[in-house]
There are 2 protein chains.
Amino acid sequence: MKIKNDDNLDFALILANHGVSKTKFRIHLLNLFYDKESLTVKEVMNKFSNLINKVTIYRALVSFEEKGLIHKVPSSNNLIRYSLCNADECSASLHKHNHGHFICNNCNQTFCLENYKSPDIMPIDGFFINSLNLILEGYCKDCHLH
Amino acid sequence: MKIKNDDNLDFALILANHGVSKTKFRIHLLNLFYDKESLTVKEVMNKFSNLINKVTIYRALVSFEEKGLIHKVPSSNNLIRYSLCNADECSASLHKHNHGHFICNNCNQTFCLENYKSPDIMPIDGFFINSLNLILEGYCKDCHLH
DNA sequence: AAAATAACGCAATTAGGTTGCGTTTAGTTC
DNA sequence: GAACTAAACGCAACCTAATTGCGTTATTTT
Ligand SMILES: [Mn+2]
Ligand SMILES: [Mn+2]
Ligand SMILES: [Zn+2]
Ligand SMILES: [Zn+2]
């Protein structure tokens, strides 16, 4: 279940609580993550009509990640993709969602699959687990036919 | 359970059965996939001591993928990574493993996690599912302590 | 064996991501 | 609220994985 931004959230406060500078851009960027299941740099650029420098976007995303606001989502499409951390299941160093995600091979959109349940994290000796992701890929409704 | 190449497999025959040209390089490349859980282009290049042109490797991997011999493994490290298709669970258009895979964020090695079970594939209406992957990321035994 | 088809290697190109540095903005101290 | 410090920003240049074009070589088909 994703928190939507129409819950009247104070994004500046959330940034402050995570030790992230609350610039206009970063407040707006955090807002975007509450609207979209996941975002790539390209998608963020488009949302800002290419007015924000890509380097600024890259650095903001790294900063958000370091401060535990977002995490990477693995994919086969060779693009860095980020998703909002889930307060229930993500900690600063261990990220997971209890459900799977579907990534479209054509339009790159992501969809939550609430009825695909992720297994619980079990320690593996010697290994340090950072994240668990259940990833389905294919074609979404829009891209299904051609 | 992974088939090992010491089972005396005829790689040329496997290629032929999948409609892939059996060049010396491609026979050797297929052999590699029976040894290693997954491979990137860089890893393949190293295995061949950089004697094979990278374009040749890229095209061979695409060809193997199109013919249903290998499939991509999603990851967060922005590298195209391929793994041998599993005769039991992979078809030409639908790829999965019954177990999870661990990818090291440092050395990029992949490990099978036999006791992490993937959920079964359930159709989602409107969506065309190509693959299901359970991906764990973090640091492996070698890279755990910096 | 000859013809047709596909793989190969090289060079050039594309595209996602990164780095350095001077400037601007935000956070802090007085 | 002005002065100071630290971080974010934008630009240009750079890095590297991946792709494309094309002439050559190897494989497959007849
Ligand atoms: Mn997270
Ligand atoms: Mn497969
Ligand atoms: Zn789509
Ligand atoms: Zn490692």
Side-chain angles (χ1 to χ4, degrees), chain A residues 10-32 38-67 69-70 72-82 103 105 107-108, chain B residues 10-32 38-67 69-70 72-82 103 105 107-108:
Chain A
D10 187 340
F11 298 109
L13 184 63
I14 297 172
L15 289 176
N17 288 342
H18 284 80
V20 178
S21 297
K22 30 190 183 173
T23 67
K24 271 160 254 153
F25 164 63
R26 290 183 176 205
I27 291 167
H28 198 155
L29 177 63
L30 182 59
N31 193 328
L32 282 187
S38 78
L39 290 163
T40 60
V41 167
K42 204 188 240 174
E43 287 164 8
V44 173
M45 284 191 74
N46 290 339
K47 289 276 181 185
F48 286 93
S49 310
N50 300 310
L51 295 174
I52 301 291
N53 191 279
K54 65 172 179 174
V55 180
T56 302
I57 298 171
Y58 278 105
R59 292 202 260 233
L61 292 172
V62 168
S63 172
F64 280 23
E65 189 189 25
E66 286 172 351
K67 301 299 169 49
L69 278 166
I70 60 176
K72 286 182 183 166
V73 181
S75 69
S76 303
N77 62 5
N78 208 33
L79 278 179
I80 297 182
R81 172 173 291 285
Y82 286 99
I103 302 172
N105 284 335
C107 68
N108 282 324
Chain B
D10 186 341
F11 298 110
L13 184 63
I14 296 171
L15 289 176
N17 288 342
H18 284 81
V20 177
S21 297
K22 32 188 182 172
T23 67
K24 271 160 254 153
F25 163 63
R26 290 181 177 206
I27 291 167
H28 197 155
L29 177 63
L30 182 59
N31 192 327
L32 282 187
S38 77
L39 290 164
T40 61
V41 167
K42 204 187 242 175
E43 287 165 5
V44 173
M45 284 190 74
N46 290 338
K47 288 278 182 185
F48 285 93
S49 311
N50 301 310
L51 295 173
I52 301 291
N53 191 279
K54 65 174 176 173
V55 180
T56 302
I57 298 170
Y58 278 106
R59 293 203 260 235
L61 292 172
V62 169
S63 172
F64 280 23
E65 187 189 27
E66 285 171 353
K67 301 299 169 52
L69 279 166
I70 60 176
K72 286 182 183 167
V73 180
S75 69
S76 301
N77 62 5
N78 210 33
L79 277 180
I80 296 183
R81 173 173 290 286
Y82 286 99
I103 302 171
N105 285 334
C107 68
N108 282 322

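To find a chain, count down the sequence lines: A is the first, B the second, and so on, and within it residues start at 1.
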Next item on the list: Starting at atom CG of Leu79(B), determine the distance to atom P of dA15(C), rounded to an integer number of angstrom.
Entry: 19 Å

Next item on the list: Rounded off to whole Å, could you give me the CD1-to-C1' distance for the Ile57(A) and dA8(D) pair?
Entry: 14 Å

Checklist line | Smallest separation among heavy atoms of Glu43(A) and Asn108(A), with atom names | finding: OE2-O, 3.9 Å

Next item on the list: Nearest-nucleotide wise, let me know which of Tyr58(B) and Lys67(A) is further upstream toward the 5' end of DNA chain D.
Entry: Lys67(A)

Notebook entry, point to check: Are Phe64(A) and His18(A) an aromatic pair by the rule of ring centers under 6.0 Å?
Noted result: no

Checklist line | Distance-only side-chain donor-acceptor flag, Arg26(A) / Ser63(A), under 3.5 Å | finding: yes

Next item on the list: Would you kindly compare Arg81(B) and Ser63(A) by the position of their nearest DNA chain D nucleotide and give the one closer to the 5′ end?
Entry: Ser63(A)

Margin query: From CG of Leu61(A) over to C1' of dC9(D), roughly how many Å is that when rounded to an integer?
Written below: 14 Å

Item checked: Residue-phosphate contact under 4.0 Å: Ser21(A) side-chain N/O, dA8(D) OP1/OP2 -> yes

Item checked: Out of dT27(D), dC9(D), dC11(D), whichever nucleotide has its closest atom nearest the side chain of Thr23(B) -> dT27(D)

Notebook entry, point to check: Under 3.5 Å, is there a donor-acceptor pair between the Arg81(A) and Thr40(A) side chains?
Noted result: no

Check: Ignoring hydrogens and angles, does a donor from either the side chain of Lys42(A) or the base of dG16(C) sit under 3.5 Å from an acceptor on the other?
Finding: no

Next item on the list: Start with the C-alpha gap between Leu69(B) and Ile14(B), add the side-chain angles, then the distance that decides, and say whether side-chain contact (heavy atoms from CB on, under 4.5 Å) holds.
Entry: CA-CA 9 Å; Leu69(B) 279 166; Ile14(B) 296 171; 3.8 Å; yes

Next item on the list: Remember a base hit wins even if backbone is also touched, and classify Lys54(B) as base, sugar-phosphate or nothing at under 4.0 Å, heavy atoms.
Entry: base

Next item on the list: Could you state the atom-to-atom distance from CZ of Phe25(B) to C1' of dA6(C) in whole Å?
Entry: 15 Å

Checklist line | Nearest listed nucleotide, side chain of Lys22(A), among dG10(D), dG27(C), dC9(D) | finding: dG27(C)

Check: In whole angstrom, what separates Asn78(A)'s CG from dC15(D)'s P?
Finding: 20 Å

Check: What is the distance from CE of Met45(A) to C1' of dC9(D), rounded to the nearest Å?
Finding: 14 Å

Check: Over how many whole Å does the gap from Leu51(A) atom CG to dC11(D) atom P extend?
Finding: 11 Å

Next item on the list: Ignoring the backbone of Arg59(A), work out which of dA12(D), dG9(C), dC21(C) is nearest its side chain.
Entry: dC21(C)

Note to self: From C-beta outward on Lys24(B), which listed nucleotide comes closest to its side chain: dT27(D), dA17(D), dC9(D)?
What the structure shows: dT27(D)

Margin query: Using a 4.0 Å heavy-atom cut-off, does Arg26(A) contact any base of the nucleic acid, only the sugar-phosphate backbone, or nothing at all?
Written below: sugar-phosphate

Next item on the list: Could you check how far CG of Asn53(B) sits from C1' of dG21(D), rounded to whole Å?
Entry: 14 Å

